[in-house]
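The block underneath contains the structure these notes are about, expressed in structure tokens.
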Amino acid sequence: MGIYNFKEIENKWQEYWQDNGIFKAAPSDKPKFYCLEMFPYPSGKIHMGHVRNYTIGDVHSRYKWIQGYNVLHPMGFDAFGQPAENAAIKNKSKPDIWTSKCIESMKSELKKMGFSYDWDREVSTCDADYYKWNQWIFLKMFERGLAYKKASGVNWCPSCQTTLANEEVIDEGCWRCHAKVEQKDLEQWYLKITEYKERLLEDLQQLKDWPKRVVAMQSNWIGKSQGVEIYFRLKDSDKIIPVFTTRVDTIFGATYVVMAPEHPLVKEIIKGKKEEKEVLKFIERCAQESKAVRSKEDVKKEGVFTGCYCINPVNEEVIPLWIADYVLMEYGTGAIMAVPTHDQRDFLFAKEHRLSMRVVIKKLETSNQKPEETQEAYEGDGVQVNSGHFDGLSNQEAKIKIAEWMETKSIGKIQTHWRLRDWLISRQRYWGTPIPIVYCRKCGVVAVAYEDLPVRLPQEAPITGEGGSPLNKVEEFVEVSCPKCKGQARRETDTMATFFDSSWYFLRFASPKCTSNPFDIKEAKYWMQVDQYIGGIEHAILHLLYSRFFTKFFKDLGMVDYDEPFKRLLTQGMVLKDGEVMSKSKGNIVDPDSMIQKYGADSLRLFMLFAAPPETELEWDDRGLEGAFKFLNRVWRVQENLKEKSEERLIRAMHKAIKKITADFEEFKFNTAIASLMEFVNAIYQSQADREVFSNLLIMVSPIAPHFAEELWSLLGNKESIFKAAWPKCDPALIVEETVTVVVQVNGKVRSSIVVDAGISEDELKERSLADESVKKWIKDSPVKKVIVVPGKLVNIVI
RNA sequence: GCCGGGGUGGCGAAACUGGGAAACGCACGGGACUUAAAAUCCCGCGACCGCAAGGUUUUAAGGGUUCAAUUCCCUUCUCCGGCACCA
């Protein structure tokens, strides 16, 4: 074991930072920097994921402090939610008591890591001072029709006994407990996030410093597809069957129309036909198949002819109308035009049922291929053929022209489909924000008055985990007089989804005690946007989409003047053990606290940053942690051997290190920054450092191992915190080398290297290279064809 | 299928804008110190051939562009993530 007493040191400096308010944020003339990590659910204990997430944020914040920024680096707790209720049921405790205990123990663990939070700004979403503003925001949305109640089919988790938002359903399971989600018809509260769909999609372009994959995931989720709704008339009838397509350029190749089995028109149009019986039988069979089975890709496409015909509005062609299970009622209009030549599904179906095909898009390179000969549909771009007066146009061009032409003839309408649905926020649970709505027999649905906020969550409620909303059974909560007519009324007893709480907490940190608004507009204007946000990829859609939505809503209220809350986003990778995610069930959890006991927080921080780049997965390694600890000890020993004056080569090495480390810190390349620190320390061991060199080393170590650096800094006799010191500057004059090593290649293979003056001319370098003994051996008598010179780097002789 | 990101030593990884592949560390091997061990310090460490000097070869596979390719282009394989009979 080493010699440095981390336990004592870490305690001492944590107290020092707290007592002296070193990391307190207050507006000033300095440039501001808002660094935020996703706040945790207070489970009571931190895990390695937290340690990694918060270490990255902490190092960045501390780096910004030393760079002279005015940093806001707050922390709080996403404290409403189900685990508190489950714990209440299990331990017969109360959610509020359980939660505040958890917050206390979690906070003390966070403090042990030495994170530079401004604890004066701590917020907890289960405090009435906080959730009051959830209610306020809800009412503002309600006034604008953005919060509304509707009856609809909803996702229901039978195990959590509550409804879920679409975003909370992962692979047909509950995101929290993985139980299979059921469908139920219920009347619930929704937020109209779809009102913002265009902006949510378009503003993704502003997010240049977000990981591409997060942007892609959000874009997928919003799911915009542009196309045309086309009206097919039923032959010998005035019935219209609308179909939706994104490939209107293939309309002249439609050879049949298909409706989903559940289509409401089906039963009506087949009435009396000789095919009626068979069609009904088919519909029956489809109804029994589960959605999961039906949407499996390799399942054979089945269908029946209805006996009816449709008329293609663009050419009056009469084509058969089919019913098939590969058409889904949930998407588009529940009916499609089938173009077997240019859609693979239609192609397979047409082959199976011997339906006709017609090519309308010709590939540029291939000749007149007959449809019967093709093995698959051609879905790419090409030139229009068999398409009336659109022949010869590129299909991309035709797409626009045909759509416009159809609109003028009223046979089609340009339309956009979205995947995004409104956000269901009602939860049949106790531990959440009460929805501030009252139901009055006379007045109907009535908003609670602003001055009556908060609607407090009653302390006592019968929590059983079943039988609907617990608040429903708390008479003194439910019974209320109507805010409008003062008559008898009942409160809404569902609570809000907890993602509501976290959709705006970053704004609250700007003014956590503000009593007039969710946040003080001036303070928020100073601190926002969040310059750097750091958190897990699991929030790529849920939390990040909701927060973007709320920010846009605040903009519409005139409370903020930007579109996006988070300028830069970093999604840190997971911490693995033996190639698997750490989890209780796998029994492979490494407890941060025990590691702090053994090696100290600084070593843990150092290891977390060194073992992998922040975005990638990190494989836990006990020996790696020990290595980090050894490195700190190695630095510690430097102090015992300080010299009067460093050699020049060490000074040069230092300036190189400053340049590289600074650049790496800027780009979150902590692993290579640490590698450079190690190289720098190795150089010190070759030559011995003076005070100045050692001081600079400490400053550059300080964001990573803050307690350790503070201690050595004070041992050097400094009276102020190292975080008040200035980041070292690289002197460009001192990193210019007098001599350089140039690699000499013959035919691209390294054959020698020569040391030359940095200022050497190209001709001279050429000469010196050709004169080199081992190079000569390789050239022998061969004529030199060409010599390529990369100044200061390399010479390649081509023979 | 579409979209996004990967594949480099025994392991974690590095490589600026096309210019010495494997920095830094872990593990391993050797040496110094020690009665001994630990700790520490120093050295070695992709593979193959060679006593050595040295040579050959190597960034998932194949091809291309180039004086020069982990880096650019094409094809293929494969892994991870999102969306998906989405018309």
Side-chain angles (χ1 to χ4, degrees), chain A residues 1-3 170 211-225 227-228 243-248 250 254 258 260 294-301 324-328 330-339 342-346 348-349 379 417-419 537-538 540-541 607 610-613 615-628 630-631 633-634 637 660 663 669 671-682 685-686 741-753 774 777 785-799:
Chain A
M1 279 298 225
I3 45 173
I170 316 281
K212 271 191 192 159
R213 62 170 170 161
V214 176
V215 173
M217 281 162 83
Q218 293 223 351
S219 168
N220 276 344
W221 189 260
I222 296 165
K224 180 180 186 174
S225 63
V228 178
V243 307
F244 178 73
T245 182
T246 55
R247 288 298 304 272
V248 72
T250 65
V258 193
R294 231 180 102 181
S295 54
K296 263 252 165 102
E297 217 174 299
D298 41 355
V299 165
K300 207 159 120 195
K301 299 177 181 4
D325 59 356
Y326 78 98
V327 174
L328 307 175
E330 307 85 79
Y331 186 79
T333 59
I336 62 154
M337 63 169 198
V339 186
H342 304 294
D343 182 288
Q344 186 60 14
R345 293 156 301 177
D346 297 344
L348 292 173
F349 190 81
E379 297 181 344
H417 267 275
W418 300 82
R419 195 185 165 283
I537 187 71
E538 67 273 18
I541 294 170
F607 166 70
F610 181 56
E615 304 86 348
T616 56
E617 289 175 335
L618 183 151
E619 175 69 29
W620 177 263
D621 180 8
D622 287 310
R623 285 188 289 214
L625 175 60
E626 201 182 317
K630 284 182 181 172
F631 173 72
N633 278 303
R634 192 167 154 86
R637 284 189 293 273
K660 172 81 168 100
K669 291 180 174 177
N671 54 333
T672 51
I674 292 166
S676 302
L677 282 169
M678 287 171 169
E679 277 181 285
F680 181 29
V681 171
N682 290 344
Y685 269 74
Q686 303 295 319
T741 309
V742 172
V743 174
V744 186
Q745 298 180 329
V746 179
N747 280 352
K749 290 208 164 108
V750 179
R751 296 304 181 190
S752 183
S753 62
S774 46
K777 258 200 326 223
K785 274 199 210 154
K786 204 175 180 185
V787 179
I788 286 136
V789 178
V790 182
K793 274 249 154 127
L794 169 144
V795 175
N796 188 10
I797 300 159
V798 187
I799 55 170

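Numbers restart at 1 for each chain; the letters A, B, ... are given by sequence-line order, proteins then strands.
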ask   = Below 4.0 angstrom from OP1 or OP2 of B:rA84, is there any side-chain N or O of A:Arg419?
value = yes
task = May I ask you to verify whether the side chain of A:Asn796 and the base of B:rC67 hold a donor-acceptor pair under 3.5 Å?
result = yes
inquiry  = Quick check: do A:Asp343 and A:Arg247 have side-chain heavy atoms less than 4.5 Å from each other?
reply    = no
query = Picking from B:rA87, B:rC83, B:rU40, which would you name as closest to the side chain of A:Trp221?
reply = B:rC83
Please list, one pair per line, the donor and acceptor atoms closer than 3.5 Å that link side chains of residues 211-222 of chain A to other protein atoms, with sequence neighbours excluded.
| residue | atom | partner | partner atom | Å |
| --- | --- | --- | --- | --- |
| A:Gln218 | OE1 | A:Arg548 | NH1 | 2.7 |
| A:Gln218 | NE2 | A:Ala540 | O | 2.8 |
| A:Trp221 | NE1 | A:Glu167 | OE2 | 3.0 |

remark   = When rounded to whole Å, the CH2 to P distance for the pair A:Trp418 and B:rA84 reads 16 Å
query = For A:Ser225 and A:Ile788, take the nucleotide of RNA chain B holding the closest heavy atom to each; which residue's nucleotide lies nearer the 5' end?
reply = A:Ile788
Considering only nitrogen or oxygen atoms on both sides, find all protein atoms under 3.5 Å from nucleotides 64-66 of chain B and state each distance.
none

key: Spacing of the P atoms in B:rG55 and B:rC45 (rounded, Å)   = 16 Å
ask   = Between B:rG82, B:rA87, B:rC24, which nucleotide has the shortest distance from any of its atoms to the side chain of A:Val327?
value = B:rA87
query = Can B:rG46 be described as syn, meaning its chi torsion is within 90° of 0, or is it anti?
reply = anti
task = Flag the pair A:Thr672 / A:Lys660 as yes when at least one side-chain heavy-atom distance between them is below 4.5 Å, and no otherwise.
result = yes
Anything under 3.5 Å between a protein N or O and an N or O of nucleotides 11-15 of chain B, put it in a table, one pair a line.
| residue | atom | partner | partner atom | Å |
| --- | --- | --- | --- | --- |
| B:rG12 | O2' | A:Ala611 | O | 2.4 |
| B:rA14 | OP1 | A:Asn671 | ND2 | 2.9 |

Tabulate protein N/O versus nucleotide N/O from nucleotides 5-10 of chain B, keeping only pairs under 3.5 Å, one per line.
| residue | atom | partner | partner atom | Å |
| --- | --- | --- | --- | --- |
| B:rG5 | OP1 | A:Lys212 | NZ | 3.2 |

Position toward the 5' end of RNA chain B (nearest nucleotide), A:Ala216 or A:Val742 = A:Ala216
key: With sequence neighbours excluded, residues passing side chain to side chain donor-acceptor pair (under 3.5 Å) with A:Tyr331   = A:Ser225
query = Between atom OH in A:Tyr331 and atom P in B:rC86, what is the gap in whole Å?
reply = 9 Å
inquiry  = Checking contacts here: which listed nucleotide (B:rU40, B:rC85, B:rC24) is nearest the side-chain heavy atoms of A:Lys630?
reply    = B:rU40
note = With the side chain defined as heavy atoms from C-beta on, A:Arg623 is closest, among B:rA27, B:rC24, B:rG19, to B:rA27
key: Heavy-atom donor-acceptor pair, A:Tyr326 side chain to A:Phe349 backbone, under 3.5 Å   = no
note = In B/S/- notation (B base, S sugar-phosphate only, - none; protein heavy atoms under 4.0 Å), nucleotides 42-57 of chain B written 5' to 3' is S------------SSS
